[in-house]
Amino acid sequence: MTNVIANPYTSADWNVLYPLGIVALGALAVLFVDLVSKKHAPKWLTLALAGLSVIGAGVVCAQQYGQNYDAFGGGFLLGGFAVVMQELVLVAALGTLALYATLGDEERMAGTIALLLWSTCGAMLMAGAANLMTIFLGLELLSLALYCLCGLRENAIAREAALKYLILSSTASGFLLYGMALLFGSTGSVALAAIAQAPVAGNPMLWIGCALFLVGLAFKLSLVPFHAWSPDVYEGAPLPVTAFMSVATKVGALAVLARFVDAAVPSAGAEKLLLPLWIIAGISMVAGNLGMLAQHDLKRLLAFSGIAQVGYIVAALAGGGALGLRYALFYLIAYTFMNLGAFAVATAISTQAEEGSRLANYHGLAQRRPFLAAAMTFFMLALAGMPPTAGFVGKILILSANVGAGYAWLAGLLILGTAISLYAYAKIIRAMYVRDEHAHAREAHPVSPLAWASAAVCAAVLLVLTFYPLAPSNVIPLVR
Amino acid sequence: MSALPVSLASYIGLSAVMFFVGVAGVVLRRNPLVMLMSIELMFNAANIVFVAFARAWMHNAGHIFAFLVITVAAAEAAIGLAIVVAVFRSAKNVDVDEVALLKG
């Protein structure tokens, strides 16, 4: 050990983290401006700073596309996968900023936005994380900021949701961490690649470690036996936070899961080890969609919908190999825009006093706001996987991957889940298009242009995505 | 006085016991403060494994990971206590069975 003092990392390592750094600096800038302002920083300035940093990070990140580099001794893998995942997280952050522009109050804006940006950093770190330490760091950065965001409203329900989220999610982190400790113990390394090379036979610690790690991740993804927290937390959290949570946490955790399945699971025992994961995904598809049927709140409905959607995405990974990963990624991109779009519509019909998330708010929406009703219909059809949307294409791709890899039962469950979900999504569409005698009684407050524009952009992207991947082999040229 | 050699298995056994005590605490106790403490136990159980194996494998990644976990656990406790205080202020109660506006 002669060069203990020497810095092992070069500037190339740090360059990889530029997008993350820009977002983190943006958070600091937001706080600083608030500090030097007389009372509070003006809302538009806070949002503009945050928006600039997110867009800047997106641009820098896009320029990294096509590069491959193992930064920090394999701690953060730069590649097509990491870039696409980071861009998705940034899109979620940008969409959330647009929702905050409509709903947030100026007094708490700076702190809220700073937490949001740090949470974004966490999810971005997870997108490229390839060793246990960076995974844990990213996950905790994402989660810790989200606990605060959930509880920021002066409202008993929001705080209860924060407490619930904190305790259940931290317990999941405990499982994940203990799994990581056992994985380190059984392999002597924190790198995911080292886990794949460890001997499988007669190594119970590796099995238990993998199992605990996957349980922790399933919890974060709210797959079925570990899903009970998500409807409650979604319902209690402020609308923009729910929107962010429903996309960014899932993108981050799915990035880790995909990388773990792809790189870390020893190929000798992969079949046996991962089968429970596919079963959980299958159950999630059916149970999540069944749970949707009884809901009367859009946030709860989308929470159950999210459980099922993650089930579809994990099932795509069961297809195995690069193709399954690509299909999962395609569906994840579509899911991001569907969900953000639905939340944008909900925000557009919200007032400062009341979030427009109860199903009753949608009665007769088509009479009052024909564009918003049409956009919502489009997002619901996309979530249900109906033809003229990217959701349909995504589901077809996943089905083909499942059948091709010999998981026909997963494909069957996917179709069953879709059939069930149609009824729940149709409930919202029906509510919007049914004539409402009280339509005039509901005062027509002006719709926020930003929320309107977000919904329009999401719908446009979904439409474009529908026609893009017609040749599945070039869905997204994933380098790794 | 000679140091008794402590085998690796003992460390793992201790940490497994700690981990299950932590899980049982989260599942069985209804006071959020006790639940937070139980979560700390789970984190520290992992720390013991990390440090024990860092020595066994002669690899300092385990030590670094343990420090990372200690830092994160401190942040988690700070945020957790803040949220418990906020819940108490709005509900005047910190028993999770009584804090049940959201029926899940």
Side-chain angles (χ1 to χ4, degrees), chain A residues 131-133 136-137 139-141 143-145 147-148 150-152 154-191 205 208-209 212 227-236 300 303, chain B residues 8 11-12 15-16 18-19 22-23 25-27 32 35-36 38-54 56-59 61-62 64-66 68-69 71-73 75-80 82-91 94 96 99-104:
Chain A
N131 79 22
L132 299 178
M133 253 187 247
F136 183 68
L137 190 62
L139 185 68
E140 288 301 304
L141 188 54
S143 310
L144 288 176
Y147 305 150
C148 300
C150 280
L152 266 179
E154 288 278 355
N155 173 332
I157 291 188
R159 285 169 176 178
E160 184 186 323
L163 182 67
K164 224 169 214 177
Y165 189 30
L166 168 86
I167 288 182
L168 292 175
S169 178
S170 304
T171 312
S173 297
F175 277 95
L176 191 89
L177 187 65
Y178 200 70
M180 285 179 173
L182 292 181
L183 286 175
F184 172 70
S186 55
T187 59
S189 163
V190 288
M205 213 157 67
I208 300 172
L212 285 176
H227 68 292
W229 61 272
S230 84
D232 282 0
V233 173
Y234 277 34
E235 186 188 354
R300 283 187 85 88
Chain B
L8 195 56
Y11 285 117
I12 299 173
S15 83
M18 266 175 79
F19 183 73
V23 174
V26 174
V27 174
M35 291 165 106
L36 281 178
S38 306
I39 291 165
E40 297 293 308
L41 264 186
M42 293 167 73
F43 277 39
N44 283 312
N47 274 349
I48 292 179
V49 177
F50 275 126
V51 174
F53 276 107
W57 287 101
M58 300 304 264
H59 191 319
I64 298 168
F65 212 139
L68 182 72
V69 173
T71 318
V72 167
E76 191 128 25
I79 289 172
I83 289 176
V84 170
V85 168
V87 168
F88 182 74
R89 274 200 192 143
S90 55
V94 284
V96 285
V99 181
L101 294 170
L102 294 166
K103 302 263 187 282

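These numbers were taken from a predicted model, which means no experiment stands behind them. Chain letters run A, B, ... following the sequence lines, proteins first and then strands; every chain starts at 1.
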Which portion of [X] sits near chain A, non-hydrogen atoms under 4.5 angstrom:
| X | value |
| --- | --- |
| B:Val69 | both |
| B:Thr71 | neither |
| B:Phe65 | both |
| B:Leu41 | neither |
| B:Ala16 | both |

Might you point out which heavy atoms bring B:Ile83 and A:Arg159 nearest each other, and give the distance in Å?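 What the structure gives for the nearest pair is CG2-O, 4.3 Å.
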What is the minimum heavy-atom distance between A:Met133 and B:Ile64, and which atoms define it?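 Result for this residue pair: SD-CG2, 4.0 Å.
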Rounded to the nearest 0.5 Å, what's the gap from CG on A:Leu163 to CZ on B:Phe88? Could you check?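 Here the interatomic distance stands at 13.0 Å.
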Hey, which of [options] has the most heavy atom pairs under 4.5 Å with chain B?
| options | value |
| --- | --- |
| A:Asn131, A:Thr187, A:Asn155, A:Leu182 | A:Thr187 |
| A:Ser170, A:Ala162, A:Ser189, A:Ala158 | A:Ser170 |
| A:Gly151, A:Cys150, A:Ala181 | A:Ala181 |

Answer yes or no: is there a side-chain heavy-atom contact under 4.5 Å between [X] and [Y]?
| X | Y | answer |
| --- | --- | --- |
| A:Ser173 | B:Phe43 | yes |
| B:Met42 | A:Leu177 | no |
| A:Glu140 | B:Leu68 | no |
| B:Leu36 | A:Leu166 | yes |

Tell me, side chain or backbone of [X] under 4.5 Å from chain B's heavy atoms, or both, or neither?
| X | result |
| --- | --- |
| A:Ser169 | neither |
| A:Tyr178 | both |
| A:Ser143 | neither |
| A:Met180 | both |
| A:Leu168 | neither |
| A:Leu141 | neither |

Begin from the C-alpha positions of A:Glu160 and B:Val87 and carry the test side-chain contact (heavy atoms from CB on, under 4.5 Å) through to its verdict. CA-CA 6 Å; A:Glu160 184 186 323; B:Val87 168; 5.6 Å; no
For the residue pair B:Phe50 and A:Phe184, categorise the inter-ring angle as parallel (less than 30°), tilted (30 to 60°) or perpendicular (more than 60°). tilted
A:Thr171 and side-chain contact (heavy atoms from CB on, under 4.5 Å): which partner among B:Val23, B:Ile39, B:Val27?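 Of the listed residues B:Val23, B:Ile39, B:Val27, the side-chain contact (heavy atoms from CB on, under 4.5 Å) partner of A:Thr171 is B:Ile39.
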Could you check which of B:Ala45, B:Ala46, B:Ala66 has the highest count of heavy-atom pairs closer than 4.5 Å to chain A?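 Maximum pair count with chain A is reached by B:Ala46.
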